[in-house]
Amino acid sequence: HHIVTDGWTVNILSRELETLYAAACKEDVLPPLHLQYKVYAHFMNSPAVVENLALNRQYWQQQSTRPAPWLAVPLDF
């Protein structure tokens, strides 16, 4: 379901599972990662990204304090 995952993530997961299964069957070596987690974590903690995340969080907190609009949906069907 799209609440849990999306098409892009499912494709990545499927590709990685296929690679792992093939490696287990043939004992091949997995390809090296293009981006190491250490580099990604450093990037996510950079001041520009942290500031952008704070602005996004502030925006969505303001959006969530507003009452939801009333939807005029017919209930007779």
Side-chain angles (χ1 to χ4, degrees):
H1 195 273
H2 292 285
I3 292 174
V4 177
T5 187
D6 58 357
W8 184 12
T9 306
V10 168
N11 289 336
I12 293 171
L13 180 63
S14 297
R15 189 171 57 244
E16 289 182 355
L17 286 175
E18 288 173 11
T19 303
L20 289 171
Y21 183 76
C25 292
K26 299 177 186 177
E27 298 193 22
D28 288 340
V29 179
L30 291 174
L33 296 174
H34 297 289
L35 179 67
Q36 296 294 321
Y37 182 75
K38 180 179 174 182
V39 176
Y40 174 76
H42 179 70
F43 169 75
M44 290 304 290
N45 289 320
S46 67
V49 173
V50 170
E51 181 182 347
N52 190 17
L53 290 174
L55 291 173
N56 284 333
R57 185 180 308 113
Q58 179 184 10
Y59 170 78
W60 286 110
Q61 284 175 341
Q62 289 173 353
Q63 294 297 315
S64 66
T65 58
R66 297 183 350 195
W70 179 261
L71 297 178
V73 179
L75 301 175
D76 58 344
F77 294 108

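Keep in mind that this is a model prediction, so the values were computed, not measured.
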Between side-chain atoms of residues 37-53 and protein atoms elsewhere (two or more places apart, or another chain), which donor-acceptor pairs fall under 3.5 Å?
residue: Asn45; atom: ND2; partner: Ala41; partner atom: O; Å: 3.1
residue: Ser46; atom: OG; partner: Phe43; partner atom: O; Å: 2.8

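Considering only heavy atoms from C-beta on, Tyr59 stays 4.5 Å or farther from Leu55 through its side chain.
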**Request:** Report the C-alpha distance between Asn11 and Ser14 in whole Å, list the side-chain angles of each, state the deciding distance to 0.1 Å, and finish with yes or no for side-chain hydrogen bond (donor to acceptor under 3.5 Å, both in side chains).
**Result:** CA-CA 5 Å; Asn11 289 336; Ser14 297; 5.5 Å; no
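Of all heavy-atom pairs between Gln62 and Thr65, the closest is O-OG1, 2.7 Å.
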